[in-house]
Amino acid sequence: MALFGLGGSSVVTLEAYHKFLRTSLKCFYNQDYHIQLMSDATLNENDVALVVSHTGRNREILEIVSILQSNQVPIISITSSPSSPLAQKSTVTLLSISEETNYRPESISSTVAQLTIVDALFMLYASHQKADAVKTIEKNREVIKTIRV
């Protein structure tokens with residue numbers, strides 16, 4: 001699985017990367033836009049991309065999506081806008097609806113909603129891949145344990 005997100009959405013994709021590294025799923029993420037472009041050029045229909053964008057209208061994200069589509073890569077998107085170009089071009093769209101308040105801008109509540117969706121995706125995948133997930137999580141714990149005091 002390749003993960004794509006820019007700006008504030010990169011926080012969500014980095015969290016997804018951190019979570020899915022604990023599973024048997026091979027995944028890739030880089031915060032640099034140019035590296036994201038180059039990596040999506042190497043994907044094909046046997047891969048899957050998770051694309052996160054609050055508005056779903058970011059020009060750079062839509063360029064990434066265009067390349068993914070030309071390579072017939074299935075796209076799972078997380079966005080707050082069901083009518084956005086990202087949502088329309090995705091194979092599966094997961095909506096992170098959020099409302100702006102006087103005390104909390106919508107991008108903050110959208111990030112919280114998107115992180116919750118990532119948690120749900122992680123739990124679904126891990127529970128579906130029980131044996132492999134447990135082995136991988138244990139390996140990760142053992143490696144991290146070596147750097148703790």
Side-chain angles (χ1 to χ4, degrees), residues 1-130 132-134 136-137 139-141 143-144:
M1 172 171 60
L3 301 125
F4 301 96
L6 302 168
S9 296
S10 69
V11 173
V12 177
T13 47
L14 180 58
E15 178 66 12
Y17 181 60
H18 180 251
K19 286 199 180 334
F20 282 101
L21 276 177
R22 298 166 190 245
T23 70
S24 58
L25 184 65
K26 301 296 181 209
C27 54
F28 171 82
Y29 174 68
N30 193 295
Q31 289 182 319
D32 183 82
Y33 174 61
H34 293 128
I35 293 176
Q36 287 188 34
L37 282 174
M38 290 187 289
S39 67
D40 77 356
T42 66
L43 301 174
N44 62 45
E45 68 277 357
N46 298 317
D47 297 304
V48 66
L50 177 65
V51 180
V52 181
S53 173
H54 170 58
T55 66
R57 300 176 191 285
N58 178 287
R59 207 172 281 161
E60 289 85 358
I61 279 294
L62 294 175
E63 179 61 28
I64 288 170
V65 167
S66 177
I67 294 167
L68 292 168
Q69 283 184 308
S70 69
N71 292 334
Q72 301 175 339
V73 178
I75 300 167
I76 301 168
S77 65
I78 301 176
T79 183
S80 297
S81 178
S83 62
S84 69
L86 173 60
Q88 301 305 312
K89 295 176 181 191
S90 297
T91 311
V92 174
T93 302
L94 304 172
L95 296 175
S96 56
I97 304 300
S98 60
E99 292 184 27
E100 185 173 353
T101 68
N102 289 336
Y103 305 105
R104 189 172 61 184
E106 71 178 19
S107 62
I108 293 174
S109 52
S110 172
T111 300
V112 171
Q114 291 172 345
L115 288 168
T116 303
I117 291 170
V118 166
D119 283 343
L121 289 173
F122 169 75
M123 291 305 298
L124 286 168
Y125 183 81
S127 65
H128 183 66
Q129 301 291 322
K130 287 179 188 166
D132 287 339
V134 169
T136 307
I137 288 170
K139 283 181 182 178
N140 279 302
R141 284 183 180 151
V143 168
I144 296 301

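The figures here come from the full heavy-atom set of this structure, side chains too, leaving out hydrogens, waters and symmetry mates.
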Please identify each residue that fulfils side chain to side chain contact (heavy atoms under 4.5 Å, CB included) with A87, with sequence neighbours left out.
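A87 satisfies side chain to side chain contact (heavy atoms under 4.5 Å, CB included) with T79, S84, T93 once adjacent residues are dropped.
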
In Å and rounded to the nearest 0.5 Å, what is the [atom1] to [atom2] distance from [X] to [Y]?
X: E63; Y: L68; atom1: CD; atom2: CG; answer: 10.0 Å
X: L25; Y: F122; atom1: CG; atom2: CZ; answer: 11.0 Å
X: F28; Y: S39; atom1: CZ; atom2: OG; answer: 4.0 Å
X: I117; Y: L124; atom1: CD1; atom2: CG; answer: 11.5 Å
X: Q31; Y: T13; atom1: CD; atom2: OG1; answer: 7.0 Å
X: N30; Y: Q36; atom1: CG; atom2: CD; answer: 7.0 Å

Taking the side chain as every heavy atom from C-beta outward, state whether [X] and [Y] have any pair of such atoms under 4.5 Å apart.
X: L6; Y: S53; result: no
X: I75; Y: Q69; result: yes
X: Y125; Y: S24; result: yes
X: Q88; Y: S81; result: no
X: I76; Y: V51; result: no
X: Y29; Y: L21; result: no
X: L86; Y: L62; result: yes

Backbone N/O of D40 and side chain of N71: donor-acceptor pair under 3.5 Å
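Side chain of N71 to backbone of D40, a donor-acceptor pair under 3.5 Å: yes, one is there.
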
Strictly by salt bridge (Lys or Arg N to Asp or Glu O under 4.0 Å), give each pair with a member in residues 3-15 just once, sequence neighbours left out.
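Of all non-adjacent pairs touching residues 3-15, those that pass salt bridge (Lys or Arg N to Asp or Glu O under 4.0 Å) are E15-K19.
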
What are the two closest non-hydrogen atoms of S10 and G5, and how far apart are they?
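Closest approach of S10 to G5, heavy atoms only: CB-O, 3.6 Å.
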
Apply the side-chain contact (heavy atoms from CB on, under 4.5 Å) test between L94 and each candidate in L121, L50, V118; give the one that qualifies.
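Going through L121, L50, V118 one by one, the side-chain contact (heavy atoms from CB on, under 4.5 Å) with L94 is satisfied by L121 alone.
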
